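Each remark here refers to the structure printed beneath this line.
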Amino acid sequence: MAQKYTTREQDYSKWYNELVGRADLAEHSDVKGCMVIKPYGFAIWENIKDELDKRFKETGHSNAYFPLFIPKSYLSKEASHVEGFAKECAVVTHYRLKNAEDGSGVVVDPTAKLEEELIVRPTSETIIWNSYKNWIQSYRDLPILINQWANVVRWEMRTRLFLRTTEFLWQEGHTAHATRDEAVEEAEKMNQVYADFAEQYMAMPVIQGLKTESERFAGADETYCIEAMMQDGKALQAGTSHFLGQNFAKAFDVQFSDKEGKRDFVWATSWGVSTRLMGALIMTHSDDEGLVLPPKLAPIQVVAVPIYKSQEDLDKISERFNELGAKLKAKGISFKYDDDDNRRPGWKFAEYESKGIPVRLAMGMRDFEGGNIEVARRDEKTKEVVSFDGVDAYIENLLEEIQLNLLNKAKAYREERTHKVDSYDDFKVQLEEKGGFFLAHWDGTAETEEKIKQETKATIRCIPADREEETGTCMVTGKPSAGRVIFAKAY
RNA sequence: CGGGAUGUAGCUUAGUCCGGUUAAAGUGCUCGUCUGGGGGGCGAGAGAGCGGAGGUUCGAAUCCUCUCAUCCCGACCA
């Protein structure tokens with residue numbers, strides 16, 4: 001008896017929320033806007049984190065850790081930065097509680113007021129640049145290539161598990177360079193690292209590009225991004241990398257002497273991805289049966305379910321699975337043998353489908369006696385009976401095939417829903433009817449962008465890095481345009 | 001912060017309009033048993049006093065007042 005869940009068709013948001021629960025990824029905390037990431041969800045995040053961390057190290061970065069609290073005065077040193085974050089900051093004003101006089105519990109002790117309020121970091125540029133100021137004297141101190149894994153707080157009005165929560169986990173890279181070119185190169189390089197990771201590990205195709213001025217990070221001269229398309233046709237910004245120019249160096253007076261002894265401000269970048277990637281992962285591949293995970297990020301890649309009536313049968317089957325499990329583990333494939341007698345096979349099948357485990361094996365006495373095993377793949381929901389001999393190699397190939405298939409399916413989905421439009425009327429109609437990404441000409445002004453946003457709720461996701469050379473006229477104003485940009489509704 | 005809605009068992013909900021036995025069901029949980037190739041069948045059992053506070057009444061999950069919380073739609077955002 002299948003349990004009823006909301007389908008993507010019926011209500012995409014509801015489908016997403018139910019999926020997060022049924023795959024046991026996370027749940028709402030009693031703390032408003034905050035989530036509890038459950039062990040299975042966290043295991044996926046750890047896989048994301050481990051691979052990214054490896055790639056950051058490979059590109060020369062080191063990890064460090066800076067404080068959770070930022071003095072209020074730091075935040076206000078960079079004008080556009082504070083303006084961008086001011087409305088969503090949590091503020092610490094006191095450092096002590098005391099027992100309430102009426103015995104009702106504890107209250108804030110009014111005598112323990114902080115001289116200067118502390119902001120819970122919404123991002124760490126200011127506190128980090130305050131340190132960099134002391135670390136940098138000479139060009140010999142550069143570049144500084146640091147990353148930190150941390151939690152940050154942004155007091156959002158409306159939250160959704162993984163996509164937008166008050167507190168979230170992320171990594172933030174913060175680098176300092178002697179030249180503009182080197183900093184730009186760094187920002188581009190890290191955006192490329194994100195793009196490669198998204199495609200190779202998450203099996204999620206992304207478009208690399210540049211944000212328009214109005215979508216840019218507060219305090220950045222240029223924001224690079226990777227944008228992905230979710231299965232409802234909406235865009236999701238999956239990662240950003242910022243060229244910060246000399247803005248923070250000037251705000252914190254970070255200067256260095258070059259080879260000629262000339263003083264100049266340091267050039268900066270920052271870049272980050274967050275637990276939002278979990279949301280992206282879910283909405284890229286999952287179906288109405290539950291989560292679908294790319295093998296490279298699945299905490300369990302292969303699960304095996306025995307089907308038996310007697311203990312003797314189970315013993316025989318277990319021997320086969322244990323033998324196979326050892327072989328798979330030797331190949332670096334994570335394997336779980338579920339011989340829990342309290343759950344029936346059908347229950348387990350449904351459970352592991354909900355959790356998105358890429359490959360499921362089953363063996364009953366029929367298979368055992370025929371020297372066979374049943375192999376089911378999550379991505380296509382197909383299963384076949386194959387010979388037990390050599391099945392380890394078969395599974396190894398299958399995992400690779402699933403990884404590739406997911407990427408290809410996601411790419412095909414995106415291509416189908418990416419449309420070139422040349423008239424604003426056309427754009428409005430198609431945006432409502434089909435959704436997806438729209439390649440259109442834009443005159444480059446914030447006014448036009450704002451008008452489109454107000455009228456259609458679509459924003460410019462990015463100016464694609466690899467766009468075709470094509471001049472044209474803005475679909476709204478008819479003014480000249482140097483090339484097409486991507487419009488879409490976004491998360 | 002505006003507009004709308006909802007709080008009843010771990011979860012999903014019925015009951016509320018029109019007050020009246022011991023607050024009901026599904027699912028989950030416990031035990032037993034038959035089972036076992038797609039979320040099992042049968043039997044037994046534990047579990048809530050109805051978000052909170054106050055009020056009306058012989059009597060409140062149901063009516064009134066206040067309060068808290070959550071969800072949806074807007075404004076804001078990775």
Side-chain angles (χ1 to χ4, degrees), chain A residues 1-6 11 13-14 17-18 21-22 24 27-34 83-89 104 122-123 151-172 194 211 214-218 220 223 225-228 235-242 270-280 289-290 305-311 313-314 317 339-355 360-370 372-374 376 381 383 385 453-454 457 459 461 490-491:
Chain A
M1 175 175 77
Q3 288 177 38
K4 283 198 187 100
Y5 290 104
T6 306
D11 185 339
S13 295
K14 206 170 168 196
N17 290 334
E18 285 178 8
R22 115 165 103 139
D24 214 21
E27 63 188 24
H28 285 285
S29 155
D30 277 357
V31 183
K32 186 178 161 63
C34 294
E83 195 189 328
F85 286 106
K87 282 175 285 184
E88 48 191 72
C89 286
S104 62
T123 179
N151 57 339
V152 287
V153 167
R154 295 183 188 174
W155 215 267
E156 304 288 353
M157 306 297 280
R158 291 179 60 189
T159 58
R160 294 193 63 192
L161 291 173
F162 291 119
L163 297 173
R164 179 167 297 109
T165 46
T166 299
E167 179 192 16
F168 58 93
L169 305 183
W170 78 346
Q171 64 58 223
E172 45 180 327
Y194 291 152
K211 286 291 186 189
S214 57
E215 295 278 330
R216 212 174 273 163
F217 176 74
T223 289
C225 64
I226 53 171
E227 293 282 330
L236 187 135
Q237 178 176 304
T240 51
S241 180
H242 316 291
S270 68
W271 27 275
V273 297
S274 69
T275 35
R276 183 177 232 206
L277 285 180
M278 294 287 292
E289 267 64 56
V305 176
I307 299 158
Y308 56 93
K309 293 184 183 172
S310 67
Q311 183 63 43
D313 291 354
L314 176 60
I317 293 165
D339 61 351
D340 180 352
D341 192 46
N342 293 314
R343 301 289 187 195
R344 266 157 264 80
W347 191 92
K348 293 177 185 175
F349 294 170
E351 172 72 5
Y352 293 123
E353 264 159 27
S354 285
K355 291 191 156 188
R360 187 192 69 234
L361 309 173
M363 189 188 289
M365 287 315 285
R366 277 209 307 269
D367 305 301
F368 178 86
E369 279 154 13
N372 297 321
I373 185 166
E374 183 187 272
K381 285 182 292 192
K383 55 186 178 186
V385 174
K453 184 178 176 182
Q454 289 304 322
K457 307 240 188 278
T459 51
R461 300 320 304 154
Y491 276 97

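Protein chains get the first letters and strands the later ones, always in sequence-line order, with residue 1 at the start of each. These numbers were taken from a predicted model, which means no experiment stands behind them.
- Counting any heavy atom pair closer than 4.0 Å across all strands shown, A:Thr166 reaches no nucleic acid atom.
- In this structure B:C17 sits in no base pair that meets the Watson-Crick or G-U test at under 3.5 Å.
- Counting to the nearest Å, the C1' atom of B:C71 and the CG atom of A:Asp11 are 12 Å from each other.
- Across B:A5 and B:A46, the matching C1' atoms stand 34 Å from one another, rounded to whole Å.
- One interatomic measurement links the two molecules: CH2 of A:Trp347 to P of B:U35, which rounds to 23 Å at whole-angstrom precision.
- When rounded to the nearest whole Å, the span between CZ of A:Arg343 and P of B:C29 equals 5 Å.
- Between A:Arg461 and A:Val31, the residue whose closest nucleotide on RNA chain B is further toward the 5' end is A:Val31.
- Contact annotation for A:Glu156: base contact, defined as any heavy-atom pair under 4.0 Å involving a base atom.
- B:C1 and B:G74 make up a base pair, with Watson-Crick or G-U wobble contacts both under 3.5 Å.
- Spacing between B:U27 and B:G41 at atom P, rounded to whole Å, works out to 8 Å.
- Residue-level contact check: A:Leu236 touches neither bases nor backbone, having no heavy atom under 4.0 Å from any strand.
- The gap from the P atom of B:G15 to that of B:U6 amounts to 12 Å, rounded to the nearest Å.
- Applying the side-chain contact (heavy atoms from CB on, under 4.5 Å) rule to A:Asp11 yields the partners A:Thr6, A:Ser13, A:Lys14; only residues at least two apart in sequence or on another chain are considered.
- Here A:Ser13 lies out of heavy-atom contact (under 4.0 Å) with every strand.
- Residue A:Arg344 places at least one side-chain N or O under 4.0 Å from the OP1 or OP2 atom of B:G40.
- Side-chain N or O atoms of A:Lys32 include none that pairs as donor or acceptor with a backbone N or O of A:Thr166 at under 3.5 Å.
- B:U16 and B:C63 are spaced 10 Å apart, taking the C1' atom of each and rounding to whole Å.
- Residue contacts for A:Arg160: at a heavy-atom cut-off of 4.0 Å it reaches no nucleic acid atom on any strand shown.
- Side-chain N/O atoms of A:Lys457 include none lying less than 4.0 angstrom from OP1 or OP2 on B:C76.
- With both pairing distances under 3.5 Å, B:U35 is matched to nothing as a Watson-Crick or G-U wobble pair.
- Side-chain contact between A:Val273 and A:Tyr194: present, with at least one pair of heavy atoms (C-beta onward) separated by less than 4.5 Å.
- The OH atom of A:Tyr308 sits 11 Å away from the C1' atom of B:U35 (whole-angstrom rounding).
- Taking the side chain of A:Lys32 as heavy atoms from C-beta on, and the options B:G37, B:G39, B:U70, the nearest nucleotide is B:U70.
- Atom CZ of A:Phe349 is separated from atom P of B:G37 by 8 Å (rounded to the nearest Å).
- A donor and an acceptor atom sit less than 3.5 Å apart, one in the side chain of A:Lys383 and one in the base of B:G38.
- Within the 4.0 angstrom heavy-atom criterion, no nucleotide atom of any strand lies near A:Tyr491.
- B:C50: no Watson-Crick or G-U partner with both key distances under 3.5 Å is found in any strand.
- For B:C64 and B:U57, the P atoms lie 16 Å apart once the distance is rounded to whole Å.
- When each of A:Arg154 and A:Arg360 is assigned the nucleotide of RNA chain B with its nearest heavy atom, A:Arg360 is the one assigned upstream, toward the 5' end.
- A distance of about 45 Å separates the P atoms of B:U35 and B:U21, rounded to the whole Å.
- The same atom, P, is picked in B:U56 and in B:A75; the two are 46 Å apart, to the nearest Å.
- Residues A:Gln171 and A:Trp271 have side chains in contact (heavy-atom distance under 4.5 Å, counting atoms from C-beta outward).
- When rounded to the nearest whole Å, the span between CG of A:Asn342 and P of B:C29 equals 10 Å.
- Nucleotide B:G7 has B:C68 as its partner under the Watson-Crick or G-U criteria, with both atom distances under 3.5 Å.
- If you take atom P in B:G10 and the same atom in B:G51, they sit 13 Å apart, rounded to whole Å.
- The nearest whole Å value for the distance from the CD atom in A:Glu215 to the P atom in B:C76 is 11 Å.
- Atom NZ in A:Lys309 sits about 9 Å away from atom P in B:G37, given to the nearest Å.
- A donor-acceptor pair under 3.5 Å links the side-chain atoms of A:Arg22 to the main chain of A:Glu289, judged by distance alone.
- With its glycosidic angle within 90° of 0, B:G49 is assigned syn.
- For the residue pair A:Arg461 and A:Thr459, a side-chain donor N or O sits within less than 3.5 Å of a side-chain acceptor on the partner.
- Using a 4.0 Å heavy-atom distance criterion, A:Asp341 is classed as a base contact.
- A 4.5 Å side-chain heavy-atom check between A:Arg360 and A:Lys383 finds at least one atom pair inside the cut-off.
- The partner of B:A61, taking Watson-Crick or G-U wobble pairs whose two distances both stay under 3.5 Å, does not exist in any strand shown.
- Base pairing of B:G45 is made with B:C29, judged by Watson-Crick or G-U wobble geometry with both donor-acceptor distances under 3.5 Å.
- Between A:Arg366 and A:Asn372, the closest side-chain pair of non-hydrogen atoms is not below 4.5 Å.
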